[in-house]
A.B. asks: 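I'd like to ask some things about the structure below.
All values reported here derive from a predicted model rather than from experimental measurement. What you see below is based on every heavy atom in this structure, not just the backbone, and it leaves out hydrogens, waters and symmetry mates. Throughout, residue positions are numbered sequentially from 1 according to the sequence presented.
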Amino acid sequence: QKSIPQAVQNGRIAITQPLKNDPRHKGTSLEQLSLAQWCLPMLISRQSERPLINWNFTPQPPTHLDPNDSIGSITLPPRFLGRRTELRNIKSRYREGRLARLLITGPGGQGKTSLAGRLAHDLERDGYWILAYSAHPDQPAYAFRKFVFQIENQLTDKQKEEYNFLKNEIKDEAEIATLLLRAAINYSNKKLLLFWDNLESVQAKTTPHALTDERLSVWLAAAQALAGQGLILLLTSRWRLPDWPEGDLLSLNRANLGDFVRMALDLVAQSKLDKQYLHEKEKLRRVHRVLHGNGRGLTTFAGAVKGLNPEEEATFLAALAEAEAAVQVDMAIAQTVANLRPAATALLHR
């Protein structure tokens, strides 16, 4: 419960003497060797006569932002910001062997894909084979055929031969799905992650939000039946799927203030948000409250208030607070357009 500098200092002191209180090495040479500043950052050169740093440089601002990350066809933000508490809880379930399937839901901009993507990358480092699918509202059948082809193409020659032989004998889509997923589980040494993103684009808009693609429904049922048998099923959507178990559902509400501050810091570093928000804590708290902690909303808000004087900004924020959540983004877009130069506005309308 102390400040970050104090915590870092205490941690550094602790690891400079790792064997100090170890009874197995008390009074030994190993204990003495461990009492050092090895944990401090060092810069070492093979050439003793050469300066480590040339201080006659001219500082330059970054010329580009980090490129977006991706897993298959799923695009992720370049940096994972926020939702660290949720990530820790999910990884605890994984380490305890209790993570077989997880559906992450929430409004747009709350970090569903970013959170799922970070988890997928962590599991990939643990040896998992990641099979990613992003539902496409215009071409759902084509996007899913590409996903299935991705699995088929990765199998060993022996697995392909067996799968193709049995596939020709089977006419039932559910059996084919189970057959291919079992082959993928074996190929991955029982470390397979199915990461399906953006499922709201292939769900009915009204309750119970059933999938509108029949083939995808069949494959989802097959994947659920195999979950926990060497397969982890990770899904994201704005809506809960019909009959989805409560224990395997993570519903994201507003990001906490700490995560929101990290998002604001990132925007300030990109010169997209005035750094005054980092000093005027009450103003940032108000923006967090008004935008319901929505990270995408913060990015849009930053564009909308750029160039406004304090009075105009206060008026805009007050109007935003009174608006329904569904029209908040529309208001921010309208304000952003109003801030454009006349030539840019004319080009946008054309």
A.B. asks: Angle class for the W196/Y133 ring planes (parallel below 30°, perpendicular above 60°, tilted otherwise)?
C.D. replies: perpendicular
A.B. asks: For K275, enumerate each residue passing the salt bridge (charged side-chain N to carboxylate O under 4.0 Å, His left out) test, keeping only those at least two apart in sequence or located in another chain.
C.D. replies: none
A.B. asks: If you round to the nearest 0.5 Å, how far is OG1 of T299 from CG of D266?
C.D. replies: 8.5 Å
A.B. asks: Partners of F260 by ring pair (Phe, Tyr, Trp, His ring centres under 6.0 Å), sequence neighbours excluded?
C.D. replies: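 Residues passing ring pair (Phe, Tyr, Trp, His ring centres under 6.0 Å) with F260: H288.
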A.B. asks: Side chains of D197 and I71, heavy atoms from C-beta outward: is any pair under 4.5 Å?
C.D. replies: no
A.B. asks: Applying salt bridge (charged side-chain N to carboxylate O under 4.0 Å, His left out) as the test, list every pair that has at least one member in residues 231-247; sequence neighbours left out.
C.D. replies: E200-R238, R240-E246
A.B. asks: With the side chain counted from C-beta on, respond yes when L87 and L115 share a heavy-atom pair under 4.5 Å apart, and no when they do not.
C.D. replies: yes
A.B. asks: Per the salt bridge (charged side-chain N to carboxylate O under 4.0 Å, His left out) rule, what does the pair list look like for residues 83-112, sequence neighbours excluded?
C.D. replies: R83-E86, K91-D122, R93-D248, E96-R98, R101-D248
A.B. asks: If we only count heavy atoms from C-beta on, is the F165 to E162 side-chain gap below 4.5 Å?
C.D. replies: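 They are not in side-chain contact.
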A.B. asks: Given the rule that I, L, V, M, F, W and Y join up when any side-chain heavy atoms are under 4.5 Å apart, are L257 and L265 in one cluster?
C.D. replies: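 Yes; tracing contacts between hydrophobic side chains, which count when under 4.5 Å, links both residues.
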A.B. asks: Any chance you could measure T315, atom OG1, to L308, atom CG, to the nearest 0.5 Å?
C.D. replies: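 Answer rounded to 0.5 Å: 9.5 Å.
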A.B. asks: How long is the gap from OG1 on T85 to CG on D259, to the nearest 0.5 Å?
C.D. replies: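 If I round to the nearest 0.5 Å, the distance is 6.0 Å.
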A.B. asks: Show the nearest heavy-atom pair for residues P242 and A210, with the distance to one decimal.
C.D. replies: CG-CA, 3.6 Å
A.B. asks: Salt-bridge test for E161 and K158: reply yes if a basic N is under 4.0 Å from a carboxylate O, no otherwise.
C.D. replies: no
A.B. asks: I'd like to check the ring pair (Phe, Tyr, Trp, His ring centres under 6.0 Å) partners of W244; sequence neighbours left out, ordered by chain and number.
C.D. replies: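 By the ring pair (Phe, Tyr, Trp, His ring centres under 6.0 Å) rule, W244 matches no residue at all.
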A.B. asks: Does V305 form a side-chain contact (heavy atoms from CB on, under 4.5 Å) with F316? I'd like the steps, not just the answer.
C.D. replies: CA-CA 8 Å; V305 299; F316 174 65; 3.8 Å; yes
A.B. asks: Between E313 and K283, does at least one N-O distance fall below 4.0 Å, as a salt bridge requires?
C.D. replies: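 Yes, charged N to carboxylate O under 4.0 Å.
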A.B. asks: I'd like to know if the side chain of Q159 reaches the main chain of T156, judged simply by a donor and an acceptor atom lying under 3.5 Å from each other, with no hydrogens or angles considered.
C.D. replies: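 Yes, the answer is positive, given that a donor and an acceptor are paired below the 3.5 Å cut-off.
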A.B. asks: With E173, which residues qualify under salt bridge (charged side-chain N to carboxylate O under 4.0 Å, His left out), at least two apart?
C.D. replies: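 Salt bridge (charged side-chain N to carboxylate O under 4.0 Å, His left out) check on E173 returns R215.
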A.B. asks: To the nearest 0.5 Å, what is the distance between CG on D213 and CG on L220?
C.D. replies: 11.0 Å
A.B. asks: N309: which residues meet the side chain to side chain donor-acceptor pair (under 3.5 Å) condition with it, sequence neighbours left out?
C.D. replies: E312
A.B. asks: Among the clusters formed by ILVMFWY side chains lying less than 4.5 Å apart, do I151 and Y187 turn up in the same one?
C.D. replies: yes
A.B. asks: Does V218 belong to the same Ile/Leu/Val/Met/Phe/Trp/Tyr cluster as L231, with side-chain heavy atoms less than 4.5 Å apart forming each link?
C.D. replies: no
A.B. asks: When rounded to the nearest 0.5 angstrom, what distance separates OG1 in T300 from CG in L291?
C.D. replies: 8.5 Å
A.B. asks: Please tabulate, for the side chains in residues 178-186, all donor-acceptor contacts under 3.5 angstrom to protein atoms that are two or more places apart in sequence or on a different chain.
C.D. replies:
residue	atom	partner	partner atom	Å
T178	OG1	A174	O	3.0
N186	ND2	R182	O	3.3

A.B. asks: Looking at every non-hydrogen atom in both residues, tell me the closest pair between A120 and I130 and how far apart they are.
C.D. replies: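 Nearest heavy atoms, A120 then I130: O-CD1, 3.6 Å.
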A.B. asks: Would you sort out whether Q203 and T212 count as a side chain to side chain donor-acceptor pair (under 3.5 Å), showing the intermediate values?
C.D. replies: CA-CA 5 Å; Q203 285 180 262; T212 56; over 6 Å; no
A.B. asks: Any side-chain donor-acceptor pair under 3.5 Å between S134 and N198?
C.D. replies: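 No, no side-chain donor-acceptor contact under 3.5 Å.
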A.B. asks: Provide the closest heavy-atom pair for T113 versus T75 in the form atom of the first, atom of the second, distance.
C.D. replies: CG2-O, 4.0 Å
A.B. asks: Quick one: closest heavy-atom pair of A177 and A222, and the distance?
C.D. replies: CB-CB, 3.9 Å
A.B. asks: Within a 6.0 Å radius of atom CG on L348, are there more than 12 heavy atoms belonging to other residues, nucleotides or ligands?
C.D. replies: yes
A.B. asks: Which residues pass the side chain to side chain donor-acceptor pair (under 3.5 Å) test with S3, sequence neighbours left out?
C.D. replies: Q6
A.B. asks: Quick one: do Y94 and I104 end up in the same hydrophobic cluster if we chain Ile, Leu, Val, Met, Phe, Trp and Tyr together by side-chain heavy atoms under 4.5 Å apart?
C.D. replies: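 Cluster IDs for Y94 and I104 match.
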A.B. asks: Would a distance-only check, ignoring hydrogens and angles, find a side-chain to backbone donor-acceptor pair under 3.5 Å from N153 to F149?
C.D. replies: no
A.B. asks: Taking all heavy atoms of V268 and all of D274, pick out the closest pair and write down the distance.
C.D. replies: CG2-O, 4.1 Å
A.B. asks: Please report the interatomic distance CG(L235) to OG1(T105), rounded to the nearest 0.5 Å.
C.D. replies: 11.0 Å
A.B. asks: Is there a donor-acceptor contact under 3.5 Å linking the side chains of E152 and Y163?
C.D. replies: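 Yes, because at least one side-chain N or O of E152 sits under 3.5 Å from a partner of the opposite role on Y163.
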A.B. asks: Applying ring-ring contact (aromatic ring centres under 6.0 Å, His included), which residue pairs with at least one partner in residues 199-227 are found, sequence neighbours left out?
C.D. replies: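 Output for this query lists F144-W219, H209-W239.
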A.B. asks: Just so I know, are the side chains of L241 and L103 near enough to count as touching, which here means a heavy-atom distance under 4.5 Å?
C.D. replies: yes
A.B. asks: Is L347 isolated, or which residues cluster with it under the ILVMFWY side-chain rule of less than 4.5 Å, directly or via members?
C.D. replies: none
A.B. asks: Taking all non-hydrogen atoms of both residues, which atom of L211 and which atom of S217 are closest, and how far apart?
C.D. replies: CB-OG, 3.4 Å
A.B. asks: Can you name the salt bridge (charged side-chain N to carboxylate O under 4.0 Å, His left out) partners of E169, sequence neighbours left out?
C.D. replies: none
A.B. asks: If you apply the rule side-chain contact (heavy atoms from CB on, under 4.5 Å), what do you find for K191 with W129, and how did you get there?
C.D. replies: CA-CA 6 Å; K191 280 195 165 186; W129 180 26; over 6 Å; no
A.B. asks: Check the pair L233, L102 against side-chain contact (heavy atoms from CB on, under 4.5 Å), reporting the backbone distance first and the verdict last.
C.D. replies: CA-CA 6 Å; L233 183 59; L102 182 67; over 6 Å; no
A.B. asks: Please test L76 against H121 for side-chain contact (heavy atoms from CB on, under 4.5 Å), starting from the C-alpha separation and ending with a verdict.
C.D. replies: CA-CA 11 Å; L76 304 173; H121 273 317; 3.9 Å; yes
